[in-house]
Amino acid sequence: MPAVVLLAIVLQSVSSSSGAGGADPSSGAKRASAVRATSPVVIDGRDDDAVWRQAPAITQFREFQPKEDGDPRYATMAKVAYDDRNLYVFIRAFDPHPDSILQLLARRDVRAATDQLKIMIDSYHDRRNGFEFAVNPAGVKRDYAIYNDNQEDDAWDAVWDVATQVDSLGWTAEFRIPLSQLRYVPRGTNTFGFGIWRDIQRYTERESWPLYRNSQSGISSQLGELTGLEGLPSPRRPEIAPYLVTKNVSVPTGSAFDRSQKVTGGADLKYGITSNLTLDATVNPDFGQVEADPSVLNLTAFETFFQERRPFFVQGAGIFRFNVNCSQVNCNGEGLFYSRRIGRAPQLDYGEPGSPRATTIYGAAKLTGRLPGGQTVGVLDAVTEPAASPLGETMEPTTNYAVVRTQQDFRNGESGVGAMVTAVNRNLDRWTDTVLRRSAYVGAVDFRHRFLSGHYQISGSLDLSRVAGAEQAIARTQRDPVHFYQRTGSFDATRTSLSGNAEELLFGKVGGGITRFETSYLRRSQGFEANDLGFLLQADQQSWNTWFGLQALHPSSIYQQAFWNFNWWQFWTAAGTPVERAANTNGHVMLKNRWWLHGGVTVGQLGTTFCDRNCSRGGPAVRVDPYVARG
């Protein structure tokens with residue numbers, strides 16, 4: 001769509017929606033009450049249990065998409081109850097045309113094009129974290145973990161029940177969420193953050209209680225309050241899952257075959273030390289049922305990032321998150337903790353048939369939770385056994401991995417500081433001493449602060465790293481595409497250690513009105529190394545990124561939603577060699593018939609810029625030509 005037309009559309013929305021960010025009595029109350037159930041609730045999608053006749057109804061739902069704070073098309077009603085083991089939620093979604101309710105079957109955690117009901121629970125009531133439980137009319141379940149207020153982890157899975165029914169009044173959902181799946185500080189009376197969302201797919205309409213505002217930042221921080229939770233117990237949540245695997249393999253012996261049988265066993269353990277501190281442990285874990293990674297053909301000098309799917313590492317993953325090189329313009333998974341390093345494929349490969357494809361984890365333990373004073377704590381330690389080729393050559397030595405992550409919230413989660421330490425120590429031998437690093441340590445601190453009614457935010461971090469090993473191993477590190485010391489003439493073959501640092505500072509507008517922006521400066525020295533337990537594509541880089549966006553969230557006579565953003569980014573090496581300078585603009589419009597129009601243009605490699613990675617693979621930087629890309 002031409003930029004002039006899109007600008008006119010956005011300006012029309014601005015004039016028709018002034019003051020949209022202000023408080024409105026029509027948005028309804030933000031507090032609900034739960035009642036105690038005297039007997040377990042039967043989860044069947046009906047409201048015929050006695051407790052549902054006693055529980056007060058939540059009815060003040062508001063539309064938040066496509067129109068923010070609009071009158072909902074159809075009414076919605078919800079009730080909440082609890083006992084010593086579970087939290088129960090019953091929701092009735094009224095619909096005068098139940099035959100039009102979209103109820104498609106799909107795999108668990110797959111968002112199909114259907115109606116949906118979702119509850120969100122911030123059991124810590126810290127306005128930063130939480131859990132989401134969603135279901136569609138066909139009974140397909142989805143769940144997420146929320147961390148850092150607005151980031152969702154769809155790999156998180158909990159044990160919970162829900163039943164749905166479509167009837168003459170619309171459709172219903174009845175949830176049972178075990179308290180053992182939540183995290184909270186036990187008190188005489190607890191208050192949870194709480195919210196409910198409803199999707200009416202055929203109208204692309206979304207409603208919520210309390211009103212969720214797209215014009216504001218965050219999810220957990222916009223939830224209402226669920227009160228009346230009295231005398232909640234402190235469940236220990238003991239769970240143990242042992243396993244035993246046997247394997248028969250035909251082995252050729254001369255002109256015949258013999259049988260080789262292998263027996264393997266292990267177990268996973270979960271235990272609630274307190275209601276808000278959970279210990280997860282695993283011995284010789286089996287990840288045979290974990291979804292396989294997609295096939296990727298990587299022709300670049302950079303490593304491919306794969307999402308973590310292993311249950312032990314997925315639980316509480318948000319606590320250990322510490323991003324590196326992440327802004328509105330560019331964010332690609334780089335961070336100080338990448339759990340896929342633990343149990344990784346062996347780093348050495350001698351090309352022998354039958355070599356192991358992954359290292360075995362002897363055992364691992366993880367302690368996660370939130371203390372009453374607002375401190376979030378995560379501690380993880382894991383040991384992997386050595387991996388050897390069929391001829392006995394070590395492919396990966398015995399290694400210990402350790403991570404400690406702490407965060408302290410202030411001002412009801414609006415501000416916070418944190419720290420992180422990671423450590424990797426390897427028991428090297430004659431096969432690995434000259435190839436792998438003996439030790440790798442990273443220490444970092446970060447902060448964030450929202451101000452002016454939470455509409456503006458400043459954040460930043462400082463990271464320090466040090467790796468050590470034999471001269472040959474550190475020489476390999478210097479020649480790695482992450483660093484390319486040979487390109488800058490600073491390669492030193494006598495080094496036995498390498499140190500580096502990284503700094504980030506970001507400032508932006510995250511809520512209020514129709515405008516958003518962020519500007520950031522990110523830098524990593526040439527010696528910064530985090531890949532022993534983190535994920536880092538490139539050191540030796542600094543960048544300045546600026547993003548500005550306009551959003552029209554109130555429907556007009558032409559569209560339902562419209563977005564327009566501008567981007568400017570510049571990248572240099574740490575020494576100042578320019579490697580990229582580009583500008584971009586994008587427009588996105590949802591028409592009244594719910595069709596989307598997308599358009600954009602990027603002008604890149606402006607001025608004098610050089611390619612110092614994929615083009616020369618460690619050689620001299622190569623001059624690159626400007627380009628124009630349209631989309």
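Quick caveat: nothing in here was measured; it's all calculated off a predicted structure.
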Check for a donor-acceptor pair, side chain of [X] on one end and backbone N or O of [Y] on the other, with a separation under 3.5 Å.
{"X": "H125", "Y": "F192", "answer": "no"}
{"X": "E334", "Y": "L536", "answer": "no"}
{"X": "T300", "Y": "F302", "answer": "yes"}
{"X": "E529", "Y": "N531", "answer": "yes"}
{"X": "Q561", "Y": "L553", "answer": "no"}
{"X": "T488", "Y": "Y485", "answer": "yes"}
{"X": "Q315", "Y": "T368", "answer": "no"}
{"X": "E504", "Y": "D463", "answer": "no"}
{"X": "Q222", "Y": "R213", "answer": "yes"}
{"X": "T585", "Y": "G600", "answer": "no"}

For the residue pair [X] and [Y], establish whether any side-chain heavy-atom pair is separated by less than 4.5 Å.
{"X": "F571", "Y": "N545", "answer": "yes"}
{"X": "T546", "Y": "E518", "answer": "no"}
{"X": "L229", "Y": "L87", "answer": "yes"}
{"X": "P178", "Y": "W160", "answer": "yes"}
{"X": "T577", "Y": "D612", "answer": "no"}
{"X": "F484", "Y": "T573", "answer": "no"}
{"X": "W569", "Y": "W544", "answer": "no"}
{"X": "D446", "Y": "V417", "answer": "no"}

Report yes or no: do [X] and [Y] form a side-chain donor-acceptor pair below 3.5 Å?
{"X": "R370", "Y": "T376", "result": "yes"}
{"X": "R495", "Y": "Q478", "result": "yes"}
{"X": "N325", "Y": "N323", "result": "no"}
{"X": "R321", "Y": "Y147", "result": "yes"}
{"X": "T602", "Y": "N584", "result": "yes"}
{"X": "R479", "Y": "Q486", "result": "no"}
{"X": "N567", "Y": "N565", "result": "yes"}
{"X": "S220", "Y": "D122", "result": "no"}
{"X": "D268", "Y": "T282", "result": "yes"}
{"X": "E385", "Y": "T359", "result": "no"}

Between [Y] and [X], does any NZ, NE, NH1 or NH2 come within less than 4.0 Å of an OD or OE carboxylate oxygen?
{"X": "K270", "Y": "D280", "result": "yes"}
{"X": "E303", "Y": "R341", "result": "yes"}
{"X": "D143", "Y": "R108", "result": "yes"}
{"X": "R523", "Y": "D540", "result": "no"}
{"X": "R310", "Y": "E308", "result": "yes"}
{"X": "D409", "Y": "R448", "result": "yes"}

Show, in sequence, the C-alpha distance, side-chain angles and deciding distance for Y401 and T384, and conclude whether the side chain to side chain contact (heavy atoms under 4.5 Å, CB included) test is met. CA-CA 8 Å; Y401 301 88; T384 58; 3.9 Å; yes
To the nearest 0.5 Å, tell me how far [X] [atom1] sits from [Y] [atom2].
{"X": "S490", "Y": "H483", "atom1": "OG", "atom2": "NE2", "answer": "11.0 Å"}
{"X": "S415", "Y": "F410", "atom1": "OG", "atom2": "CZ", "answer": "8.5 Å"}
{"X": "K30", "Y": "W209", "atom1": "NZ", "atom2": "CH2", "answer": "9.0 Å"}
{"X": "S461", "Y": "F322", "atom1": "OG", "atom2": "CZ", "answer": "4.5 Å"}
{"X": "Q526", "Y": "N501", "atom1": "CD", "atom2": "CG", "answer": "12.0 Å"}

Does the ring of F133 carry K118 above it, NZ/CZ under 6.0 angstrom from centre and within 45° of its axis? no
Measure across [X] and [Y] and return the closest heavy-atom pair with its distance rounded to 0.1 Å.
{"X": "S520", "Y": "L506", "answer": "CB-CG, 3.6 Å"}
{"X": "A539", "Y": "S525", "answer": "CB-O, 3.3 Å"}
{"X": "D381", "Y": "A402", "answer": "OD1-CB, 3.5 Å"}
{"X": "R127", "Y": "E225", "answer": "NH2-OE2, 3.9 Å"}
{"X": "P346", "Y": "A358", "answer": "CD-N, 3.7 Å"}

Step by step, would you call W547 with S327 a side-chain hydrogen bond (donor to acceptor under 3.5 Å, both in side chains)? CA-CA 9 Å; W547 171 85; S327 67; over 6 Å; no
Classify the angle between the aromatic ring planes of Y212 and F64 as parallel (below 30°), tilted (30 to 60°) or perpendicular (above 60°). perpendicular
Pair [X] and [Y], ring centroids less than 6.0 Å apart:
{"X": "H449", "Y": "F447", "result": "no"}
{"X": "F305", "Y": "F535", "result": "yes"}
{"X": "F507", "Y": "F517", "result": "yes"}

Name the one of D153, I119, I146, D154 that satisfies side-chain contact (heavy atoms from CB on, under 4.5 Å) with E132? I146
I would like to know whether D126 and R183 meet salt bridge (charged side-chain N to carboxylate O under 4.0 Å, His left out); could you show each step before the answer? CA-CA 11 Å; D126 61 2; R183 304 291 181 266; over 6 Å; no
Among W156, F194, Y144, the one residue meeting ring pair (Phe, Tyr, Trp, His ring centres under 6.0 Å) with F131: W156
Does the pair T227 and T191 meet the rule for a side-chain hydrogen bond (donor to acceptor under 3.5 Å, both in side chains), with working shown? CA-CA 5 Å; T227 62; T191 298; over 6 Å; no
Residues, nucleotides or ligands: over 12 heavy atoms within 6.0 Å of R476 CZ: no
Within a reach of under 6.0 Å around CH2 of W568, are more than 12 heavy atoms found that belong to other residues, nucleotides or ligands? yes
For the salt bridge (Lys or Arg N to Asp or Glu O under 4.0 Å) test, which of R466, R438, R344, R437 pairs with D532? R437
After noting the C-alpha distance and the side-chain angles of D149 and R450, does the key distance pass the salt bridge (charged side-chain N to carboxylate O under 4.0 Å, His left out) rule? CA-CA 12 Å; D149 196 12; R450 286 184 183 175; 3.1 Å; yes
